[in-house]
Structure formats: structure tokens, C-alpha cells
There are 2 protein chains.
Amino acid sequence: MTAQSEEPGRKRDAAATRQALLDAAAKLFAERGFDRTTVRDIAKLAGVNQSLLFRYFGSKEALFEAVIARSGREQLAATPAERLFSTSLRSMLDPAGQPNRALETYLRSSGSDGVAATIRHEVGREYAGVLATLTDAPDAELRADLALAWLMGIALVREISGLEPLAGADPDDICRLVLAATKTLLERSE
Amino acid sequence: MTAQSEEPGRKRDAAATRQALLDAAAKLFAERGFDRTTVRDIAKLAGVNQSLLFRYFGSKEALFEAVIARSGREQLAATPAERLFSTSLRSMLDPAGQPNRALETYLRSSGSDGVAATIRHEVGREYAGVLATLTDAPDAELRADLALAWLMGIALVREISGLEPLAGADPDDICRLVLAATKTLLERSE
DNA sequence: CAGCGTTGTAAGCAGACGCTTACAACGCTA
DNA sequence: TAGCGTTGTAAGCGTCTGCTTACAACGCTG
């Protein structure tokens with residue numbers, strides 16, 4: 001646990017290797033989900049030997065947990081509640097250059113079980129918890145779950161199924177329709 | 001291609017074996033999706049040797065195609081357009097004893113590619129096409145896609161993620177909220 | 001500089017996967 | 001009843017999976 005040099009051009013840098021694995025895993029888990037990402041792919045993208053993945057993280061599931069723990073709460077912490085829905089919607093509609101891919105990872109790992117399922121559950125609960133603060137209806141949490149479900153469904157049908165015209169539609173048009181419909185769900189009564 | 005005896009208690013009955021494989025595959029594909037269902041599981045549930053699966057269907061993908069082709073268009077043919085959304089919604093909310101699991105299969109196979117992806121695409125297009133007849137808005141098809149996306153998202157979050165309170169909510173409550181919100185999407189301008 | 005923990009590499013293990021092959025048992029027809 | 005196509009079985013092929021092991025290279029500390 002001594003101080004580590006930060007200069008580039010290094011070899012034998014455990015911290016850099018860990019980070020490379022984390023970055024590679026975040027990218028691949030978001031693109032393919034947990035099951036369809038192999039430890040060999042992650043190690044190859046990170047440019048390191050695959051056995052190091054197990055040395056530093058113990059298992060593929062533990063790596064997944066580390067990835068989600070890092071990226072999952074970033075958007076929640078960075079986005080005010082009243083903008084979370086539209087921000088997340090736009091984030092999923094615009095695949096390019098989005099730094100936060102927590103929901104994408106969530107979606108593409110929806111078939112997995114084990115620890116991956118547990119983590120998915122927690123991420124979903126946190127998003128829904130924030131969305132629930134947007135309405136004062138007695139069933140606020142159910143409404144929030146339904147809104148989140150729509151988000152996931154749109155991303156599912158658009159990015160995974162490629163259903164037209166949704167897949168090629170203008171994000172603005174989608175936002176307009178969805179936000180109009182969710183007004184009855186998430187607005188305050190006052 | 002001669003006539004086949006239909007009496008029970010038979011052995012060496014190719015038609016019955018084919019049907020057993022089809023039934024077993026339909027059940028498992030709906031429950032686990034394409035990738036997570038193995039040909040060994042299908043053959044075991046059908047009570048036949050797994051090599052017969054390849055004799056009668058050629059490949060796992062071809063079996064999937066046969067399953068979808070059979071069950072996919074049943075609900076579409078049996079349900080009038082104006083009831084398709086609520087019927088499908090209730091069908092997905094009530095997992096027990098539902099004869100039609102086309103959308104469930106669609107959902108749980110969302111991670112697969114290859115022929116499975118193509119078939120998914122077609123099933124989605126057919127559902128959306130019917131839903132699009134419910135509104136006379138110029139962007140009717142986009143609205144239909146969004147409605148279908150909500151269906152899929154609700155099923156995803158409810159049955160796969162198990163997010164509460166959605167997962168344990170009364171189907172009636174869900175239907176009420178969702179149908180109220182989709183009124184702005186799918187109603188006619190009369 | 002000797003010793004030793006740390007970082008990295010190469011090879012391989014056991015199991016699961018889709019699919020194929022070789023062959024046995026059955027039953028129709030000539 | 002002899003022949004032959006059909007139905008079913010058992011075994012295994014090649015590949016991929018997550019994960020482990022054995023070992024080499026490095027660099028700090030005594």
C-alpha cells in the first residue's frame with residue numbers, strides 16, 4: 001500500500017492494469033451484457049493476460065459488480081430528480097459518446113442470474129426511488145417503476161430489436177410523445 | 001408421406017416426437033429465451049434423444065423459428081386490434097396458464113442474434129403494425145412502437161428484474177395507470 | 001547482492017455447448 | 001421372409017466457457 005508512481009510509459013503497474021480491465025469491462029458489459037461478454041474479450045481489449053482479471057477481481061461476477069458500483073450511481077448523483085427521466089431517455093436514445101451506460105448495461109444483462117441479477121435489482125431500485133419523488137400520488141413508487149419500465153422498453157425495442165420506425169426516429173419526437181404521456185404518471189397534483 | 005396412425009400407446013411415432021419437441025421448446029424458449037435454452041434441455045423435457053431434434057428441425061435456430069411461427073401469430077389472429085394492447089398487457093402480467101407466450105419469448109430472447117434476431121424483428125413488426133391501426137395520427141407507427149416498447153419494458157422490469165412494487169402489483173392497478181397514459185398515444189382524434 | 005513478494009505469461013483443466021456419426025430396432029412392402 | 005427405409009439410441013467431435021496452475025521477470029528491502 002505504498003505510494004505509486006503516476007508517470008506514463010510504465011510496466012508492472014497493478015493499478016493501471018486494474019483500471020484497464022475495469023474500463024474494458026464497462027464498455028463490453030454495456031454493449032453486450034454480462035452473459036455475452038467473455039473474460040477473454042475483456043482481457044484482450046484491456047491488453048492484459050486474462051488470468052490477471054481473476055487475480056484482481058476474483059471472478060467475472062465480481063468484476064461486473066465493480067463496474068456497476070462505479071458507473072451505476074454516477075448519473076444518479078449528477079442529475080437532479082426532475083431531469084432524470086428525460087436525461088436517461090436521451091442518454092439511451094443517443095448511443096454515441098454517452099459516458100453513462102448504467103441503464104444500457106442493466107438492459108443488456110437482463111437475461112443473467114446470480115450476482116448479476118442482484119446488482120441489476122439494486123440499480124433499478126435506486127433509479128425508481130429517485131423517480132418516485134417526482135409525484136405525490138399514493139402509488140408514487142408503482143408509477144416510477146412504470147416510467148422506468150418504459151425507458152427500458154424503448155431502449156430494448158430500439159437498440160436491441162431495431163424495430164422501425166422507433167429505431168430510426170428523431171430523439172426529439174420520441175421525447176415529446178413519451179413526456180406527454182408520462183405527464184399523467186409523474187406530475188404533482190397541486 | 002403415407003397416412004399415419006393416430007392411436008395412442010404408440011412407439012416410433014415421428015409426428016408425436018416432433019410435436020413433443022415443439023411443445024418442450026415453446027415452453028423453454030418462453031421461460032429462458034433462446035440462448036439460455038439448450039438442445040439437451042429441450043430433448044430431455046420432450047423425453048426424446050437430442051439427436052432427433054436435429055433430424056426433425058435441422059438446427060436449434062430452425063426449431064426456434066418453427067416455435068415462433070406457430071405461436072407468434074396466434075394471438076394476433078385471435079385478438080381484435082382495439083383489445084390487443086390490454087390483452088397482451090394482461091397476458092404478460094399474468095404468467096400462469098397463458099397459452100400465448102410469443103411476447104415472453106420475444107422478450108427473453110432479446111439478447112440473441114442470428115436468425116433469432118430476425119424472427120424477433122418480424123414478430124415485433126407484426127404487433128406494432130396492428131397497434132398502429134388504433135390511431136390516425138400521422139406518426140401512428142412510431143406511437144405503436146412506443147406502446148409496444150412499454151409493454152416489453154413492463155414485462156422486463158416485472159418478470160426479469162423483479163423490481164418492487166411493480167413485480168407484486170395488482171394487474172388491474174397497472175392496467176389502469178398504463179391505459180390512462182397511453183390514451184394520449186393511441187386514441188383517435190375522432 | 002541475496003532474498004522475496006509483486007506483476008505478468010503460457011498452458012491447461014473440467015464442463016457445457018451445438019451438432020454429427022455409427023449403429024440398433026422396428027415395421028412396411030414385395 | 002428378405003430387404004429396406006424409418007425411428008430411436010449412444011457416443012463422441014470440436015469449440016468455447018470461467019477459472020487455475022506453474023513458472024518467469026521484475027524491483028524493492030535486508
Side-chain angles (χ1 to χ4, degrees), chain A residues 1-22 24-25 28-29 32-67 109 111-117, chain B residues 1-22 24-25 28-29 32-67 109 111-117:
Chain A
M1 295 293 171
T2 60
Q4 321 220 358
S5 70
E6 303 272 337
E7 64 212 12
R10 68 280 179 127
K11 278 182 181 175
R12 295 180 64 78
D13 186 335
T17 300
R18 250 191 82 103
Q19 192 59 44
L21 283 167
L22 225 34
L28 294 179
F29 282 146
R32 311 182 192 170
F34 181 79
D35 283 345
R36 302 173 67 78
T37 301
T38 72
V39 296
R40 283 171 174 83
D41 289 338
I42 295 171
K44 189 175 183 181
L45 181 60
V48 307
N49 190 286
Q50 58 138 339
S51 70
L52 297 177
L53 188 156
F54 296 96
R55 174 159 16 232
Y56 291 127
F57 297 95
S59 72
K60 185 189 176 188
E61 284 196 334
L63 212 207
F64 186 74
E65 201 166 355
V67 167
S109 301
S112 316
D113 41 29
V115 173
Chain B
M1 292 295 171
T2 60
Q4 321 220 357
S5 71
E6 303 272 337
E7 64 210 13
R10 68 279 181 128
K11 276 182 182 177
R12 295 179 63 79
D13 185 335
T17 300
R18 250 190 82 101
Q19 193 58 45
L21 283 167
L22 225 35
L28 293 179
F29 283 145
R32 310 181 193 171
F34 181 79
D35 282 345
R36 301 172 65 78
T37 300
T38 72
V39 296
R40 286 172 172 83
D41 288 338
I42 295 171
K44 190 176 183 181
L45 181 60
V48 306
N49 189 286
Q50 57 138 338
S51 72
L52 296 178
L53 187 155
F54 296 95
R55 167 139 46 215
Y56 291 127
F57 297 95
S59 71
K60 185 189 176 188
E61 284 195 334
L63 213 207
F64 185 75
E65 202 167 354
V67 166
S109 301
S112 316
D113 41 31
V115 173

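A note on names: the letters A, B, ... follow the listed sequences, proteins ahead of strands, and every chain is numbered from 1.
- Nearest heavy atom pair, residue A/Ser112 against residue A/Ala117, reads O-CB, 3.8 Å.
- Rounded to whole Å, the distance from CG on B/Leu63 to C1' on C/dC19 is 13 Å.
- Summarising the geometry, the separation between CG on A/Leu21 and C1' on D/dG18 is reported as 15 Å, rounded to the nearest angstrom.
- Not counting sequence neighbours, A/Arg55 has no partner by the side-chain hydrogen bond (donor to acceptor under 3.5 Å, both in side chains) test.
- For A/Thr17, no side-chain nitrogen or oxygen approaches OP1 or OP2 of C/dT7 to under 4.0 Å.
- Scanning both residues, B/Gln50 and B/Ala43, for their nearest heavy atoms gives CA-CB, 3.4 Å.
- We find that CG of B/Leu52 is positioned 14 Å from P of D/dT6, with the value rounded to whole Å.
- Atoms NZ (B/Lys60) and P (C/dA16) sit 15 Å apart, rounded to a whole Å.
- Closest non-hydrogen pair, B/Leu63 versus B/Phe29, comes out as C-CE1, 4.4 Å.
- Taking the six-membered ring for Trp and thresholds of 30 and 60 degrees, B/Phe64 and B/Phe34 have ring planes more than 60 degrees apart, a perpendicular arrangement.
- Atoms CZ (B/Phe64) and P (C/dC19) sit 14 Å apart, rounded to a whole Å.
- A rotation axis mapping the C1' atoms of four pairs onto the next four is fitted at both ends of the helix from C/dC1-D/dG30 to C/dA30-D/dT1 over five pairs, and the angle between these axes is 30° to 10 degrees.
- Atoms CD (B/Gln19) and C1' (D/dT7) sit 17 Å apart, rounded to a whole Å.
- Across every non-hydrogen atom of A/Val115 and A/Glu61, the tightest pair is CG2-OE1, 3.1 Å.
- One interatomic measurement links the two molecules: CG of A/Asp35 to P of D/dT17, which rounds to 12 Å at whole-angstrom precision.
- Between D/dG18 and A/Ser59, no contact under 4.0 Å exists linking OP1 or OP2 to a side-chain N or O.
- Contacts between residues 36-44 of chain B and DNA chain C, defined by a heavy-atom separation below 4.0 Å, involve B/Thr37, B/Thr38, B/Val39, B/Arg40, listed by number.
- Contact record, A/Thr37 with A/Gly33: OG1-O, 2.7 Å, taken as the closest heavy-atom pair.
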With a 3.5 Å cut-off and sequence neighbours excluded, list the donor-acceptor pairs that the side chains of residues 15-22 of chain B form with protein atoms.
residue : atom : partner : partner atom : Å
B/Thr17 : OG1  : B/Asp13 : O            : 3.1
B/Arg18 : NH1  : B/Tyr56 : O            : 3.3
B/Gln19 : NE2  : B/Asp23 : OD1          : 3.1

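- Residue A/Phe57 is out of contact with every strand shown, counting any heavy-atom pair closer than 4.0 Å.
- Annotation: side chain of B/Asp35 is not in contact with side chain of A/Asp35 (no heavy-atom distance under 4.5 Å).
- Side-chain contact check for A/Phe57 versus A/Glu65: every heavy-atom pair is 4.5 Å or farther apart.
- A/Ser51 is linked by a side chain to side chain contact (heavy atoms under 4.5 Å, CB included) to A/Asn49, counting only residues two or more places apart in sequence or in another chain.
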Counting primed atoms, P, OP1 and OP2 as sugar-phosphate and everything else as base, the B/S/- map of nucleotides 20-26 of chain D against protein heavy atoms under 4.0 Å is BB---BB
